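Below is one structure, written out as structure tokens, with a few remarks after it.
Both counts, for ligands and for their atoms, begin at 1 and track the order of listing. Every value quoted in this text rests on a predicted model; they were computed, and no experiment measured them.
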Amino acid sequence: MITLALAKGRIQTEALPLFAACNIVPAEDLDRSRKLIIATNRSDVRLLVVRATDVPTYVQHGAADLGVTGGDTLYEHTSGGLYSPVDLQIAKCRMVVACHKDYDYAAAAQPGARLAVASKYVQLARDHFARKRMHIDLIKLYGSMELAPLTGLAHAIVDLVDTGNTLRANNLVAVEEIMSVSSKLIANPASMKLKRAMLQPLIEEIAAAVEQNTARK
Ligand code: ATP
Ligand code: PRP
């Protein structure tokens with residue numbers, strides 16, 4: 001049996017057509033079912049419905065052989081122990097520094113300067129400002145990061161942007177791009193050894209489905 005941990009929400013929505021192209025279809029509607037372990041049309045594959053941030057943990061500990069989650073989440077998962085064999089090219093967005101449109105970020109963001117930064121992505125934020133040789137007071141948030149510069153909680157945020165609608169609606173602007181983000185297929189290293197005969201063909205099928213998907217776009 002292959003167990004695949006799938007991040008629910010946006011990633012699940014974009015990943016299911018890729019799996020369908022590999023003839024893996026959930027046995028029930030994931031949006032309606034309250035079950036967390038979902039059988040598929042293939043007797044050798046089952047899905048775990050998991051929060052995006054928990055996917056690396058399930059795969060690292062071998063509770064799932066494979067997983068699908070965002071590159072942003074993987075960056076924050078610092079305990080390692082994961083293979084990432086395929087970039088699925090879905091749930092694409094960018095990680096940026098953003099602040100209020102009237103804030104003079106260029107003047108503030110000087111080497112040696114100190115800035116209050118709010119983010120859910122603490123590792124990414126730390127690494128980014130360390131590269132800029134800046135000191136930050138890091139405020140950990142779990143969502144609605146855009147509120148932080150509007151309420152005086154922080155000078156800047158580190159968050160994901162896609163269309164830019166959320167920033168615009170809140171009078172914020174992206175002032176620096178940190179990295180582009182997409183979702184990845186991840187694998188447990190022990191599973192890759194013990195279940196190679198089952199996993200390798202599936203990984204190749206998924207990689208082929210990604211290529212077809214990207215060629216179509
Ligand atoms: P959790 O509730 O587990 O903290 P979340 O609220 O971040 O997860 P989603 O909003 O579904 O869950 O985002 C999941 C992933 O989708 C993100 O980690 C990122 O990789 C990607 N993502 C987030 N926002 C966007 C966006 N606006 N456009 C495209 N992809 C996005
Ligand atoms: C994500 C992200 C931004 C928004 C950016 O939030 O944290 O707020 O999308 O997308 P846009 O540039 O297209 O507006 P999400 O919609 O996942 O809500 P969340 O705060 O619940 O994570």
Practice task
Using distance alone, determine whether Asp72 and ligand 1 share an N or O pair under 3.5 Å.
Solution key: yes

Handout entry: Stepwise salt bridge (Lys or Arg N to Asp or Glu O under 4.0 Å) check, Lys120 with Glu76
Key = CA-CA 9 Å; Lys120 175 166 148 185; Glu76 294 296 311; over 6 Å; no

Which pairs would a plain distance check flag for residues 12-23, meaning a side-chain donor or acceptor within less than 3.5 Å of a matching protein atom at least two apart in sequence or in another chain?
{"from": "Thr13", "atom 1": "OG1", "to": "Gly9", "atom 2": "O", "distance (Å)": "3.0"}
{"from": "Glu14", "atom 1": "OE1", "to": "Ala91", "atom 2": "N", "distance (Å)": "2.9"}
{"from": "Asn23", "atom 1": "OD1", "to": "Asn41", "atom 2": "ND2", "distance (Å)": "3.0"}

Practice task
Look at atom 8 (O) of ligand 1 and say which protein heavy atom is nearest, naming residue and atom and giving the distance to 0.1 Å.
Solution key: Ala52 CB, 4.0 Å

Completion exercise
Near Leu160 (heavy-atom distance under 4.0 Å), the atoms of ligand 1 are 17 (C), 19 (C), 22 (N), 23 (C), 24 (N)

Handout entry: Leu47 vs Thr40 side-chain heavy atoms within contact, under 4.5 Å
Key = yes

Exercise for the section: Flag atom 12 (O) of ligand 1 as yes if some protein heavy-atom distance to it falls below 4.0 Å, otherwise no. Expected result: no

Handout entry: Polar proximity ligand 1 side, Ser183 side, N/O cut 3.5 Å exclusive
Key = no

Practice task
Tell me, yes or no, whether the heavy-atom count around Lys193 atom NZ, taken from other residues, nucleotides or ligands under 6.0 Å, exceeds 12.
Solution key: no

Completion exercise
If we number the atoms of ligand 1 from 1 as shown, the ones under 4.0 Å from a heavy atom of Gly70 are 20 (O)

Exercise for the section: For atom 2 (O) of ligand 1, find the nearest protein heavy atom and state the residue, atom name and distance (0.1 Å precision). Expected result: Arg51 NH2, 3.1 Å

Problem - Residue pair Val55 / Thr53, side-chain heavy-atom distance below 4.5 Å - result: no

Handout entry: Protein contact to atom 26 (C) of ligand 1 [nearest heavy atom, distance to 0.1 Å]
Key = Arg10 NH1, 3.3 Å

Fill in the blank from the handout: When every non-hydrogen atom of Ala125 is compared with those of Val117, the smallest separation belongs to CB-CG1, 4.5 Å

Practice task
Could you check if a side-chain atom of Met134 sits within less than 4.5 angstrom of a side-chain atom of Arg114, using non-hydrogen atoms only?
Solution key: no

Practice task
Go through ligand 1 atom by atom and flag the ones less than 4.0 Å from a non-hydrogen atom of Thr73.
Solution key: 18 (O)

Exercise for the section: Measure from the side-chain N and O atoms of Thr151 to the backbone N and O of Ala148, and report whether any donor-acceptor pair falls under 3.5 Å. Expected result: yes

Side-chain donor-acceptor pairs of residues 61-69 under 3.5 Å, sequence neighbours excluded:
{"from": "Asp65", "atom 1": "OD1", "to": "Ser191", "atom 2": "OG", "distance (Å)": "2.8"}
{"from": "Asp65", "atom 1": "OD1", "to": "Lys195", "atom 2": "NZ", "distance (Å)": "3.1"}
{"from": "Asp65", "atom 1": "OD2", "to": "Thr3", "atom 2": "N", "distance (Å)": "2.8"}
{"from": "Asp65", "atom 1": "OD2", "to": "Lys195", "atom 2": "NZ", "distance (Å)": "2.9"}
{"from": "Thr69", "atom 1": "OG1", "to": "Ala52", "atom 2": "O", "distance (Å)": "3.0"}

Exercise for the section: For the pair Asn188 (side chain) and Gln60 (backbone), establish whether a donor and an acceptor sit closer than 3.5 Å, ignoring hydrogens and angles. Expected result: yes

Exercise for the section: With heavy atoms only and a cut-off of under 4.0 Å, state how Val181 meets ligand 1: side chain, backbone, both or neither. Expected result: side chain

Handout entry: Thr53, portion touching ligand 1 at heavy-atom distance under 4.0 Å
Key = both

Practice task
Evaluate the side-chain proximity of Gln110 to Lys132: yes if any heavy-atom separation is below 4.5 Å, no if none is.
Solution key: no

Problem - Nitrogen or oxygen of Lys120 less than 3.5 angstrom from that of ligand 1 - result: yes

Completion exercise
heavy-atom search around atom 15 (C) of ligand 1 in the protein gives Ile11 CD1, 3.6 Å

Exercise for the section: Just jot down the ligand 1 atoms closer than 4.0 angstrom to any heavy atom of Asp162, in number order. Expected result: 26 (C), 27 (N), 28 (N)

Listed pairs under 3.5 Å, donor-acceptor, residues 153-166 side chains, sequence neighbours left out:
{"from": "His155", "atom 1": "ND1", "to": "Ala116", "atom 2": "N", "distance (Å)": "2.9"}
{"from": "Thr163", "atom 1": "OG1", "to": "Asn165", "atom 2": "N", "distance (Å)": "3.1"}
{"from": "Thr163", "atom 1": "OG1", "to": "Asn165", "atom 2": "ND2", "distance (Å)": "3.2"}
{"from": "Asn165", "atom 1": "OD1", "to": "Arg168", "atom 2": "NH2", "distance (Å)": "2.8"}

Practice task
With heavy atoms only and a cut-off of under 4.0 Å, state how Thr163 meets ligand 1: side chain, backbone, both or neither.
Solution key: neither

Exercise for the section: Heavy-atom contacts with Lys92 under 4.0 Å: which atoms of ligand 1 show up? List them by number with element. Expected result: 28 (N), 29 (C), 30 (N)

Exercise for the section: Report all protein residues having a heavy-atom distance below 4.0 Å to some atom of ligand 2; order the list by chain, then number. Expected result: Arg10, Ser144, Glu146, Asp159, Leu160, Val161, Asp162, Thr163, Gly164, Asn165, Thr166

Practice task
Assess Lys101 against Tyr103: is NZ or CZ under 6.0 Å from the centre of the six-membered ring, and within 45 degrees of the ring's axis?
Solution key: no

Exercise for the section: Of all the heavy-atom pairs spanning Ser84 and Lys184, show the shortest one and how long it is. Expected result: OG-CB, 3.6 Å

